[in-house]
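My questions will all concern the structure given below.
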Amino acid sequence: MQIAPNVFFVGAVDWDRRMFDELIPLPDGTSYNSYLIRGTGKTALLDTVDPTKAEMLFDHLESFGVDRIDYVISHHAEQDHSGTIPEVLKKFPMAKVVTNEKCKGLLIELLCLKDEDFIVIADGEELSLGDKTLKFVLTPWVHWPETMVTYLKEDRVLFTCDFLGSHMATASIFVDEYGAAYESAKRYFAEIMMPFRLPIRKNLEKIKALDFKIIAPSHGFVYDKPQFILDAYADWTSDNVKNEVLVPYNSMHGATRKMVDVFVDALRERNIAVKQFNLAGTDLGKIAIALVDGATIVLGTSQVLAGAHPNVAHAAFVVNALRPKTKFVSLIGSYLWGGQMVEQIKGLLPNLKAELLEPVVIKGYPKENDFKALAAMADTIAAKHKAAGIL
Ligand code: FEO
């Protein structure tokens, strides 16, 4: 499939993949977008595919009659893009891997490539393919330290690899449904990019200097209206939060469940939006998406072996790793003896720059005074959201 004159998609759509990094659910599958650029002098392959889909890449190259690749541009060393480079070099021994110094080091570590396999480029350097010119721009920490993008000057296409991508298996190359594109790009940002919000902001500014009309990531849709994804990223990476409380919870015998029900009603009465997630069966990606812009998180837990329920501890661990811009955090829950839940959960959230609101942790099934405490917590959150200008 052609995305610009003599620029072709030769990657692989992975309709069946349901987990990424053995952690992240992929409800819509994903794709490994590899691109072929044919210049009048040289041919370049931009990224490869996950090794499980190597056959698809080679089938595509064969269908385009490719008998020579001069350059394999590697934007990012993670194996879903780099893993087929060794096989490409075997089939096209004249090819050199073009990348930055840091990425070269990682590729040598991960794929056992050799020093002589590489041409190392610097930030802003250009490479001519004859009638087409590639300009390389380093964009570190989206989401690894070596990440970079390539700008194809003559056709004004920006190849961004993971940056601005989405986990979406689709038969169309360009966005054909903006709602689905937004949701999958937000899930992707939440799960992979959110911890790097600040470097991403800088890199967004850096790439804006390039006059592109198409953004071609290495996962999901290609954007022929790039402002769509740039606007979304500007919002997600900003400091803005929404008048929203996330309530991920686990209840073993119904006491915590009752607290969640009462608390959620109290929030709704105060015009605060709520997203609740029963951790016994929630897709972690849904929580990650909500973390992108929710102002407050209140975890709900039963007691297990004197501590929080392991599902809640796991959720807290993931929240901490994703470093959302959450402003307020708290805990509600029920225990019977030796409750260490508050200290335990606090200890799992050192990365959160959020104010801790007084938890409501009670003995047994909630009673009248406990309902009052939950209403008071809802009052506090309403006051905090008002003071933050979001309610
Ligand atoms: Fe799509 Fe970071 O690899």
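Side chains included, hydrogens not; waters and symmetry mates left out as well; all remaining heavy atoms used. Each ligand, and each atom within it, is numbered from 1 in the order the structure gives. For reference, positions follow the sequence shown, starting with 1.
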With E205, the side chain to side chain donor-acceptor pair (under 3.5 Å) member among R201, K208, K202: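 For E205, the side chain to side chain donor-acceptor pair (under 3.5 Å) check succeeds only for K208.
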
Y233 and F189 aromatic centres sub-6.0 Å: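 Distance test on ring centres: under 6.0 Å, yes.
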
Restricting to distances shorter than 2.8 Å, give the number of protein N, O or S atoms close to atom 1 (Fe) of ligand 1.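 The number of such protein atoms is 4.
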
What I want to find out is whether E62 reaches K91 closely enough, with some N-O distance under 4.0 Å, to be called a salt bridge.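 So E62 does not pair with K91 through a salt bridge.
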
Ring centres under 6.0 Å, that's the criterion: do Y32 and H81 meet it?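 Not close enough - the centres of the two rings lie 6.0 Å or further apart.
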
Is it true that the side chains of H385 and T296 contain a donor and an acceptor less than 3.5 Å apart?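 Distance-only check passes for H385 and T296.
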
Looking at the rings of W144 and F163, which for Trp means the six-membered one, are their centres under 6.0 Å apart?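 W144 vs F163: aromatic centres not under 6.0 Å.
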
